[in-house]
Structure formats: C-alpha cells, structure tokens
Amino acid sequence: MSFVPNIIEPEPAVDGSFDDALLRGLNPQQREAVEYRGQSLLIVAGAGSGKTSVLTRRIAGLLQSREAFPSQILAITFTNKAAAEMRERVHQIVGNEAEGMWISTFHSACVRILRREAEHFGFTKSFTIYDSADSRALLKRILKELDADQYGFTVSSASGKISKLKNELQDVESYARGANFSDPAEVMFLEIFRRYTQALSQANAFDFDDLIGQTVYLFRAFPVVAAHYRRRFRHILVDEYQDTNHAQYSLIHELTRSVRPDIADEVEAAGGLVKTKRDAVGAIPGASLTVVGDSDQSIYAFRGADIRNIVEFERDFPNSKVILLEQNYRSTQNILDAANAVISNNFDRKDKKLFTDIGEGHKIVGFTGYSGHDEAQFIADEITKMHDEGIAYKDIAVFYRTNAQTRALEEIFIRSALPYRVLGGTKFYERAEIKDAMAYLIAVANPADPLALRRIMNVPKRGIGPATETALQSWADAHETSLRDAVRNAGELGLGPKVTGEILEFGSVLDEVMAKVYPPEGSEARPAPVADVLVELLERTKFVETLRASRDAQDEARAENVEELVAVTKEFQKNNPDGTLLDFLTEVSLVAAADDLDDLSGTVSLMTLHTAKGLEYEAVFLTGVEEDLLPHRMSAGEPGGPAEERRLFYVGITRARKRLFISLAMTRAAYGNVNVAMPSRYLQEIPADLIDWRQSPGMANSRNGTEPRALNARRDGSSWGSSLREAAALPPGKPKEKTQWANMVTNVVRDNSTLELSAGDRIKHNDFGEGRVTAVTGEGKKRVAEVQFDTAGRKRLLIQIAPIEKVE
DNA sequence: GCTTTCGAGCTTTTT
DNA sequence: GCTCGAAAGC
C-alpha cells in the first residue's frame, strides 16, 4: 500500500489572541495552564482541581487563536465517556470549529490508525479486536494443546504474563533473547507466547494490548507512516497521564518526535504538504505535548501503569514546564481533610495538600454492619433519607472494591425499591447469547477469524460437534487454508450427508451475507446496514426462533437480550448513518464500564472504585472498608500494593462533593461461606473528629456498648472472633438479636403479589419487626410500601417480595 | 452428538 | 454460591 497523504491544509494564520471568556473564573495556576505555550507542559492536577476545565479551555484557546486547526489536535483520555465529555465541552466554547479533532482513548485512536495502516504489516483493515474473554478462550486452546498445566500454567497466569510483556513492548523474539532455555517452564511459556501471537495474526486479530503495541511497532518500522501522523498532530494532550503504561508512553514519544529531514523529503516527494512545517535544517519539529495527571490517583499499576512516567516527565521531556493545581472546587473541607490525611501515609510522594473555600460541610458518616446485607440496608436507608431531602438518585453513588460486593447491595436495593444501575461488572456484551450473536457479525466481517467461527458453528445446534469441528480443522491444516475455507469445502471431507448439508448451508449463509457487507468492487450496492445484516443472520440461522422454542425458561430472556442487541444496532445506525459493520464492532469492543454512564437520570450508580475515577457525585458511599478487601488480600504480596490500595481509597473519598459515607461489615460472605472481617487499616488514618460513627466497629463489637472504642486501639482477630461466635451462637430470629442488629437482614423472600396494603395498616416483617404503613405507591409488581417500623426506623419495601404480613 | 450431573476452583481492579 | 468442564448415560 502506498502512502497517500489525506489532508491538504495550509498553515493556520496565528493571531495569537483568544477570548477573555476562556480565562474567566480561573485561578492564577489554572490560567497559566491554559495560556502557557511551549514544547511540553505537565499539569499536576489534584482531585477536583478543575483539570477538565483547564484542558478544554486550553484546546479551545489553541483553536480560537488560530494556533492550530482542529485536525492538528489529538487529545487522549482514559474512557470514551471522558472523551465525549471533553468534545462536548470544547464544542460549547468554539462551536463547529471543534470538528475534525481527534479526542479519543488510547485504544480507539490506535484502532483508527491501525484500520488505516494495518496493510503495511500483514493485517487487513477488517481485523477483529479480541477482548479479554476472547484472548482467554484462545489461550485455553493453546494451553490444552501443549499440556501446559503440567508446568503450572493457567489461562490467567499466561494471559497476565503475555499482557505484561506486551505492555512493555516485548514480543516473542525479544523475550526469547533474554529467556533461560534450561528452565522447561520458560521454554513452555515461550511456545505459548509464540502460538498465541501466531494465532492472532492468522486470525487477522489484535488483542487489547496489541492495539497500542502494534501501533508503536508500526511507527518504528515505517518512518514515513509515522511521519504522516507526526506532521499531522501538532498538539497532543494526554489526560490521566499517571495511568499510562510503557507502551502508551512510547506511543506518545513516537507521536511527538520530530521528523528527520530525509524522511520529510520522502513525505514531500509522495505529495505530503510539509514545506511550511519544516525548520531551518529541513526537519519537522516535534508536536507540543501537554499531560495532566496526579500520581496520588495512580491505580492501574496492575495493568502496567508506570507512575514513573509522570514522576520523570521533566527528565524525559527537557525544558518542560510544570504547573500545580491544588485548589479543589469539588468537595467540602472535611472530605478533603480526610483525603489529605489518608494519602499523606504514602511516604514516597511529593507533598501536596488540597484545599477549598467551600467550607467544612457535613461530617463523614461511618457505619459498621453485622453483615454485607446489613451494611447494604444502612446504605439503602440513608439513600432514601437523602432522596426525601431532595438529593436526586443520580447524584448518589455507591463504590466497592470488588464486583462480587454488588450482590448484597443489589438484593437490598431491589427489596427497597431503589432505582439503581451497576456500571461495569457482568456486562450486556459478556452474556453468552450476545457473544454468539456478535460472533456471527465477526465471522461475516473477518472471515479469517476462526475463534468467532468455532463459537457459532453449532449455535443454534446443527449437529456439528467437536468431532466434526476437528475434521474441518484438520482439513484446513492439511490444505494450509482457513477454517472458513474448510466449511466451504465440506463436501470433500467425506462426512455424513446430513452434517455435510448443514455445514454447507451454514457456510453459504455467511458468504451470502458477507457479500452484502462488502459489495464487490465496482458494484453499485452500498454496504448493508448493520441492523439488516444482523437480522438476516438471525433469521436465516433461526437463532432467535430456536431460543424461543426452547423449554428452558432462561432462553426466553436470552431471546429478549438478542432482540435488544438488534435494537442496539438500529440505534447505532441512527447515530452513524455511514457507520459500517467494522465501526460497530470496534465501538462494542472498546466500550468501557464508565462509558454507559449516560444522562439516564434518576438512578443510583453502583461501581468499583476503579470505575469511579474521574467521576464525582453529590453523595458517595464507600463500602467494604475492611482488611482483605481494601486493601485487598491480593495486593499484600505485591510491591507497592498497599500504597496503591490507599490511593484507591483516596480516589473514592475525593469523588464526593458534599456527603461521604464510609461503611464496613463485621462478617462478609465469600465463596458461599461467611468470614470474619476486620476494619481496614486506612480507617485509622482519618482523624477521629471527622467521622460521625452511627455504629462504629467498637460499638458493633462490644455486646451492648454504646462507647465507641478508639479505632486505633488494636484489636486482634481473636476478640472479633469470639464476639462473633457469641453472636452466631444465638439462634437466629430471637427478639434480642433483632433489637441488637436492627438492620440484620435474612434471605427470606416470598411471593406477596396478592397482599393488599394501604396506608395505616399495621404489618410484621421477618427482620424489622412490627411497623405501620405510611404510604403505598406504584402499580402491580412494583408496588412499594413506606413503613415506619417501631424499632428499625423507616424503610421502603417492594411489597411483592417483602417478608411481611398484616397484623390486626 | 446431546443432555445431565457432579466436582473443582474460584474473585482484585480494566482498556 | 456460581460457573465451567469432564464424564456418563441416552
């Protein structure tokens, strides 16, 4: 493929001035961060210090002053959501001038580049993107082929190691150079890595890490290609710089390099307009770089993020300017005091203190539950109270360390009829039936991908079992062709007539639909819209029909999910009239947890602490602040683990604007059994006078006691254990137990759909005891009772499933 | 080749 | 307490 410059543009006429409105309301440091002009700028932006505002105004300034065309700006954010927000905010300031900027994540920017350039190195533009599940499936096959479990390899250990290597820009060859060949496990790993890499390239696929790594490779191997992007992007801005890994760091380095005079000659000879950009010696100077970050918020070391990228920025980019933003515009002073106190325990950091002039605000509220459910009930009650006080559900968020913690929260929220959304976690696109439907689309888009093909070969059931699949694969191997070709030529395999017919029919459905997606060269036909493609595939394979006909009750729900996917494709087509199947697949592959956080108002948001980064809420609940959860047990062994966990806690605290709740439980369910939980060490790091303990670990621990025990008085495990044993020894359901653990919740659920309730009724609840109904709202399945309990306080109950009965 | 059953292992965080 | 894979029976 020859290099074709695709944008002809004159130099912008710099008038060097921009609207004063851009600087309005900024403090001196923020103002300087917007106005500074130089080769490289590091903005160290504490949590809530207005960095998004600074970044967007900086971009708007570049555009308004005509220092840059939109097409010369590349802004990189961490999530698509953040990218969309930044685009929107720039658009608000400069209007349509914002068109043509690249504001995207590292991954989507790289996909865009790779789709354009993949043909330089043996891929086609229709490559597929393997998500982690796809990579794992592939690795599973490879490990099995090699019997690698003999050497202690698991899918997760192998995928972790490969990912780590790729983040450090290592490939099979470079790894082999440093490998110890007398270690059989290392030899085995090398073989796994080799086969994995080979399988990806045969499948015309990249995994997540490749998207970055291969782009760097592309730039290094093809200087003229790199020169095209270096020439194009004159201003590069990177958000959340503390979370970049080595590959991403290298990508930034590659993009901001200057173009050597001889390469510039080559670009010019190929028709690239570079003359106006060349300096005295004929080189094209490197682009200007602005990075924004906060090393206190670095929480992705496990993914290869290297805090040194930000710490050593000044060394890497000589003559760079550093600007510190310390004034916080988000949180109350109490919240900031807690955050500052916690983070100051990380000793190897530059001292930095957030301050605000918002005022003290509410105290932080602490609560210790008996169990995770008890904790969840406390949260539900507090949310109800705040909602009554006029705080919208959408301004409230609940954070947790692990996704497993959602279960208890969801159960209680459903019972309390609280509207909520879980961000991340088991996502729509991870459901098996959705992955199946998606695999049909991938098989059509990228016929080289055997993973997708294998997944759907027998879905719905068409009698192509493992034996038949192996036969097809062997035929493909013997003829040195793809699995897809074997499907087309199934007639030559000598299989039974029935199964042969099925395979051929399957293959021709794919081929015929493919012809509609990629109309032959010179034909008038436009590529078929994604929704049509999907519907045709589903109909011709009787995919939904089979699910609907199934006796399994869950299959009905699966059919509905697939219909939902059809709706998603229609929506996509509406928003992107020219969107291709590849665009759709790319978008789906790169959606992040924080991305589906749309303005769907009126629901409480539940998410992990990692997902919470970059977001802010009026009220925040930090849950499960316990040893082994935060800090997580798994982090203990890793160097820097506890410090990173502390940063995670810090990130959580600093998301809150006005109200912060910190909660924990004395027991926590894991793997289906119940374990004793201890308060997190980080709790002691918050000055005691900042927290108003509704029920402190000390109170919850002492039998009847209302004396809060000082948190920093070390409790050993045995005292917790013994107190628990006493608690557990009490038969469940005794009145005494109830009053002591007013919020204790059991798992009793019943079908109450026939129960008629109205205001004034007196009821008895399994866990909360007796109370009076104050209001009934909603219809049918969603009827909700507001109940004032005698001892347990006010609760909202979803009547249908509440363990209650009327008492006369 | 399909379906059912039973046991093992599992949970850190994500683009 | 759930998911996945192996094994056995149909």
Side-chain angles (χ1 to χ4, degrees), chain A residues 76-83 104-111 129-133 135-137 140 144 149 154-156 159-160 163 166-167 206-213 240 243-245 247-248 298-305 399-408 411 423-427 430 432 458 460-470 495-496 498-499 502 550-552 586 588-595 607-613 624 628-638 641 644-645 647-649 651-652 668-675 747:
Chain A
I76 303 217
T77 61
F78 206 67
T79 62
N80 291 308
K81 158 88 178 156
S104 65
T105 62
F106 272 107
H107 291 84
S108 8
C110 287
V111 171
I129 301 166
Y130 278 14
D131 66 17
S132 349
S135 310
R136 295 172 68 92
K140 200 168 180 178
K144 209 167 176 182
D149 54 345
T154 62
V155 170
S156 75
S159 92
S163 172
K166 288 190 175 182
N167 285 333
F206 295 113
D207 66 18
F208 273 137
D209 301 314
D210 283 340
L211 295 178
I212 317 287
E240 308 284 12
D243 282 325
T244 50
N245 60 35
Q248 293 164 331
S298 162
I299 54 174
Y300 282 101
F302 72 91
R303 202 169 77 187
F399 302 155
Y400 37 81
R401 178 68 232 275
T402 67
N403 283 306
Q405 287 168 256
T406 51
R407 185 165 302 146
E411 280 174 23
L423 303 187
T426 314
K427 281 171 283 182
E430 286 168 12
N458 203 27
K461 301 244 155 36
R462 45 174 80 87
I464 310 177
T468 313
E469 188 194 308
T470 311
L495 296 163
K498 195 166 171 223
V499 73
E502 289 281 3
S550 155
R551 281 180 298 118
D552 187 339
T586 301
V588 171
S589 305
L590 299 180
V591 284
D595 294 343
M607 69 192 84
T608 65
L609 284 163
H610 283 88
T611 304
K613 194 178 67 157
D628 289 348
L629 211 47
L630 188 70
H632 196 276
R633 176 193 297 267
M634 292 293 171
S635 71
E638 281 155 40
E644 174 144 322
E645 297 284 306
R647 289 194 291 271
L648 203 47
F649 188 44
V651 166
R668 177 109 13 215
Y671 305 103
N673 47 44
V674 178
N675 299 317
N747 269 326

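Reminder, nothing fancy here: chain letters follow the sequence lines and each chain counts from 1.
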### Message
Regarding B/dT12, can its base be found pairing with the side chain of A/His632 as donor and acceptor, where the two atoms are less than 3.5 Å apart?
### Response
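No, the side chain and the base share no sub-3.5 Å donor-acceptor pair.
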Is the shortest side-chain N/O distance from [X] to OP1 or OP2 of [N] below 4.0 Å?
{"X": "A/Asn245", "N": "B/dT15", "value": "no"}
{"X": "A/Thr79", "N": "B/dT15", "value": "no"}
{"X": "A/Lys461", "N": "B/dT3", "value": "yes"}
{"X": "A/Asn403", "N": "B/dT13", "value": "yes"}

Can you identify which nucleotide, out of [options], has its nearest atom closest to the [X] side chain?
{"X": "A/Ser132", "options": "B/dT14, B/dT15, B/dG1", "answer": "B/dT15"}
{"X": "A/Tyr300", "options": "B/dT12, B/dG1, B/dT14", "answer": "B/dT14"}
{"X": "A/Thr402", "options": "B/dG1, B/dT13, C/dG1", "answer": "B/dT13"}
{"X": "A/Phe208", "options": "C/dG1, B/dT13, B/dT15", "answer": "B/dT15"}
{"X": "A/Arg303", "options": "B/dT15, B/dT11, B/dT12", "answer": "B/dT15"}

### Message
Centroid separation under 6.0 Å, is that true for the rings of A/Phe302 and A/His610?
### Response
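Aromatic pair counts; centres sit under 6.0 Å.
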Contacts under 3.5 Å, N or O only, protein and nucleotides 6-10 of chain C:
from	atom 1	to	atom 2	distance (Å)
C/dA6	OP1	A/Lys144	NZ	3.4

### Message
What's A/Asn458 touching, base or sugar-phosphate or nothing? Going by heavy atoms closer than 4.0 Å.
### Response
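Contact class for A/Asn458: sugar-phosphate only.
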